[in-house]
Amino acid sequence: MEKHLCRVKFHNGLIVCASEVLCTDCPERKKCQEITINLDEKYEGVRECMSHDSYRREKRKMKQKRWGK
């Protein structure tokens, strides 16, 4: 997982702005909260997906038979 420290602004429980840097020109920058956001990695689980029984070769290309476990 990727970990990002962000400044987030909420309005009625919804995120209206999120940034990893302090926006110096924003008039409402004092309303921002610092929170940590964890994002899944782009290729998380790729090893399980490309196990020996989850793909086959077809015309010299890899074709996937199933997704994950």
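In this structure the side chain of C26 reaches within 4.5 angstrom of the side chain of K9, judged on heavy atoms. Using a 4.5 Å cut-off on side-chain heavy atoms (C-beta onward), I15 and F10 make contact.
In this structure, H4 NE2 and N38 CG are separated by 8.5 Å, a value rounded to the nearest 0.5 Å.
Of the possible donor and acceptor atoms, none in the side chain of R7 sits under 3.5 Å from a partner among the backbone N and O of S19.
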